[in-house]
Amino acid sequence: MSDQGTKTTWRQRLAARLEAWRYGSVLGIFLLVVGLLGWRLVDLQVIDNEFLRRQGDVRTIRVETIDAHRGVITDRYGEPLAVSTPVQTVWANPSEMDPAEPRLANLARLLDITEASLRERLKEYSGREFIFLRRKVQPELARQALALDIQGVYSRQEYRRYYPAGEVTAHVVGFTNIDERGQEGIELAYNEWLSGESGLKRVLKDNRGRIIKDLTLIRDASPGRDLALSIDLRLQYLAYRELKAVVAAHNARGGTLVMLDVDTGEVLAMVNQGSYNPNDRSQLAAENLRNKAITDLFEPGSTMKPITMAAALESGQYSVNSTIDTNPGYRSFGRFTIRDHRNYGVLDVTDIIVKSSNVGISKIATDLGGDVIRDMYDRLGIGQPTGIGFPGEAVGVLPAPPKWRPVEEATLAYGYGMSVNALQLAQAYMVIANGGVRYPLSLMKREEQPQGRRVLSEQITYKIRNMLRQVITRGTGTRAQPGFYSAGGKTGTVHLVGDQGYEDSQYKAIFAGMAPIDDPRLVTVVAVDAPQSGEYYGGEVAAPVFARVMSDALRLLNVKPELEVGDAKAKAASPTTGARG
């Protein structure tokens, strides 16, 4: 065989060997890979299956928040004033959704949002896993939204605050925001007490984000604590009804009514006009949010005369038989003149209150001095916080100049040059009503008698109550007679203060009183702002509200009537005499 033939044969054999080696190598590597993959599958599925379980859990187990139930606010008898009801919140995971999904039009229509804004939000937040679509809707609406079967749309349970009494208790209870945080009133003042602590739990979810199993409770939700107010919802309703009626009848700017329990200092009713419905805030006006009984100040006017008279009797310079010459019916202090409704001549101290004589009470003030009168006001709580802890409370102004000018002493005696809120005025009359003890006021129900402080003798309060009785029987407050119950009180009419000072044609009509007068159970203050129907005196506008509210309230509290039918009719029909308050 030639050399050339030998070389060819050798090359063929070498090529065959290389081809066999390559085939064997590839086959070996393939078998090795298959073997390794098989071994890994066995390892993961049989020997060490915890890895796959952990990876699956990461994708399906989530930690969910358990919303806490906010505490219930009730009246003194357990009637609910604020409750939290379960609702549903519809939300979306934009990363799972297609903004071009045709069914989004139906979803937008169902949730009352625009289709364009919904699609735009899904595009804008496409990288996120959570956005709200509609918060706190009825469960049925949420079910309808989920029934559309749109990928990435879910719902969860939340709570919404509901106020059964609506606008009747709005200014006392207040309201919360959408996250159940107090914004006004008791809801704000006691937010921490009412708020619960959210819980946490591990849950198993399917690929649609729906919870299919609760796994572990990490921390249980702690509900908020309940709160029982001192308010009697029955009295609150009737007070609101009568105040709203008088404001409408006199085309007034607004009004306030406060009712206190004489023996405990509890606030039984506190209402204002205008008001608002906390369940529907679409028409909410900012000026109606204030609880004016606490936040708004005014000059109390002639309602302070009985307190000045208490200072006079306590001083020993005056007795119930003392007389004052009020001739000629006015009194001048330089450019300032104090006037009575007419010239009453010589009056005893009782008739000074009954006829509401500015001249008479100012002469007494000149004898006593401003410090004596101010001290009496201070002891009865004027110019001090009431201590009820309500947000936005205004303290008022009780002047204390280094040296009193005669005109300052005179006007202080009948409630000018100072300011109070309606609750402070009611507290001062409460002291007169209960025999001279000043109790701390409370918007919370009290389970036992509070510790009071005596600030006035019982004998003096008895004499002042007798004067207040005569204001209603024959004085400026005859229209305050509460049906079959005896009562006492004092009218007040003051000019409202505007940007340029006192407004000549704008008044606040006030009545402060108590009943039954021999053993008072309730104290009520009524104030009506800027009545426009022609009548504007306290005895004409505020006194009738006092009469209706007190009559119904005492009946609801099962207080025994004191007057016969004939006596009640005679008192109600007796004409107003003297000044008009």
Side-chain angles (χ1 to χ4, degrees), residues 63-89 135-136 156-201 214 217-237 260-261 264-271 276-279 281 289 291 293-295 385-393 423 439-451:
V63 175
E64 288 281 305
T65 299
I66 306 173
D67 288 333
H69 194 280
R70 190 172 174 87
V72 177
I73 301 176
T74 69
D75 84 335
R76 64 187 301 105
Y77 298 115
E79 289 293 327
L81 304 179
V83 296
S84 291
T85 58
V87 291
Q88 291 289 317
T89 286
R135 295 196 66 182
K136 302 192 175 184
R156 56 168 293 178
Q157 179 175 287
E158 290 189 309
Y159 290 95
R160 181 174 65 190
R161 207 64 164 162
Y162 175 67
Y163 303 92
E167 62 187 53
V168 174
T169 57
H171 289 114
V172 175
V173 176
F175 58 85
T176 62
N177 62 13
I178 197 168
D179 293 314
E180 296 263 293
R181 306 295 295 177
Q183 300 295 293
E184 292 285 345
I186 293 297
E187 292 275 33
L188 173 60
Y190 289 85
N191 184 65
E192 290 188 12
W193 176 276
L194 293 165
S195 296
E197 183 180 0
S198 298
L200 295 174
K201 64 179 179 179
D214 289 337
L217 180 64
I218 300 174
R219 183 181 70 237
D220 202 359
S222 177
R225 290 170 286 184
D226 296 343
L227 202 60
L229 302 188
S230 61
I231 296 295
D232 185 332
L233 188 55
R234 303 170 303 168
L235 308 186
Q236 184 83 358
Y237 266 118
L260 300 181
D261 186 310
T264 65
E266 292 173 294
V267 180
L268 299 180
M270 180 184 289
V271 296
Y276 63 95
N277 184 356
N279 298 310
R281 297 172 219 170
L289 290 179
N291 185 350
I294 295 175
T295 63
T386 59
I388 64 170
F390 199 89
E393 179 181 4
L423 189 60
Y439 292 115
L441 301 186
S442 177
L443 265 171
M444 301 297 113
K445 180 183 178 182
R446 284 178 165 155
E447 301 297 339
E448 56 185 32
Q449 182 75 16
Q451 185 67 38

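- Atom CG of residue L260 and atom CG of residue L441 lie 6.0 Å apart, to the nearest 0.5 angstrom.
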So R234 and E79, salt bridge (Lys or Arg N to Asp or Glu O under 4.0 Å) or not? Walk me through it.
-> CA-CA 10 Å; R234 303 170 303 168; E79 289 293 327; over 6 Å; no
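- Contact record, V172 with L229: CG1-CD1, 3.9 Å, taken as the closest heavy-atom pair.
- In terms of heavy-atom proximity, A165 sits nearest to L81 at CB-CD2, 4.5 Å.
- Applying the side-chain contact (heavy atoms from CB on, under 4.5 Å) test to T264 and every residue at least two apart in sequence or in another chain returns D261, E266, Q449, P450.
- The heavy-atom pair separating R135 from D179 by the smallest distance is NH1-OD1, 2.8 Å.
- For the atom pair Y162 OH and T85 OG1, the distance stands at 9.0 Å (nearest 0.5 Å).
- Shortest non-hydrogen contact noted between D226 and W193 is O-NE1, 2.9 Å.
- Atom OG1 of T169 sits about 9.0 Å away from atom CD1 of I73, to the nearest 0.5 Å.
- Of the possible polar contacts, none joining the Q183 side chain to the G174 backbone as a donor-acceptor pair under 3.5 Å is found.
- Under the 3.5 Å distance criterion, the side-chain polar atoms of K136 are left unmatched by any main-chain donor or acceptor of T89.
- Between the side chains of N191 and R70, a donor-acceptor pair is found at a separation under 3.5 Å.
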Side chain to side chain contact (heavy atoms under 4.5 Å, CB included) between D75 and Q236, intermediate numbers included = CA-CA 10 Å; D75 84 335; Q236 184 83 358; over 6 Å; no
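- With F175 as reference, L289 is the one residue of N279, N277, L289, L188 to meet the side chain to side chain contact (heavy atoms under 4.5 Å, CB included) rule.
- Side-chain contact between M444 and I186 is present, with at least one heavy-atom pair separated by less than 4.5 Å.
- When side chains are defined from C-beta on, T74 does not count as touching K445, because their heavy atoms never get closer than 4.5 Å.
- Checked against ring pair (Phe, Tyr, Trp, His ring centres under 6.0 Å), Y190 has no partners two or more places apart in sequence or in another chain.
- Considering all non-hydrogen atoms of both residues, V168 and Y237 come closest at CG2-CE2, 3.5 Å.
- Using a 4.5 Å heavy-atom threshold, the side chains of Y159 and P86 count as touching.
- Here the straight-line distance linking atom CD of Q88 with atom CD of Q157 works out to 6.0 Å at 0.5 Å rounding.
- Minimum heavy-atom separation, S230 to S442: OG-O, 3.2 Å.
- I178 has its side chain out of reach of E158: every pair of non-hydrogen atoms, C-beta onward, lies at least 4.5 Å apart.
- A donor-acceptor pair under 3.5 Å is absent between the side-chain atoms of E180 and the main chain of S195, judged by distance alone.
- Side-chain contact check for T176 and R181: no donor-acceptor pair (N or O, by modelled atom type) lies under 3.5 Å.
- E187 and Y163 are linked by a side-chain donor-acceptor pair at a separation below 3.5 angstrom, with hydrogens and angles left out of the test.
- One finds the CG atom of L443 at 7.5 Å from the CG atom of L423 (value rounded to the nearest 0.5 Å).
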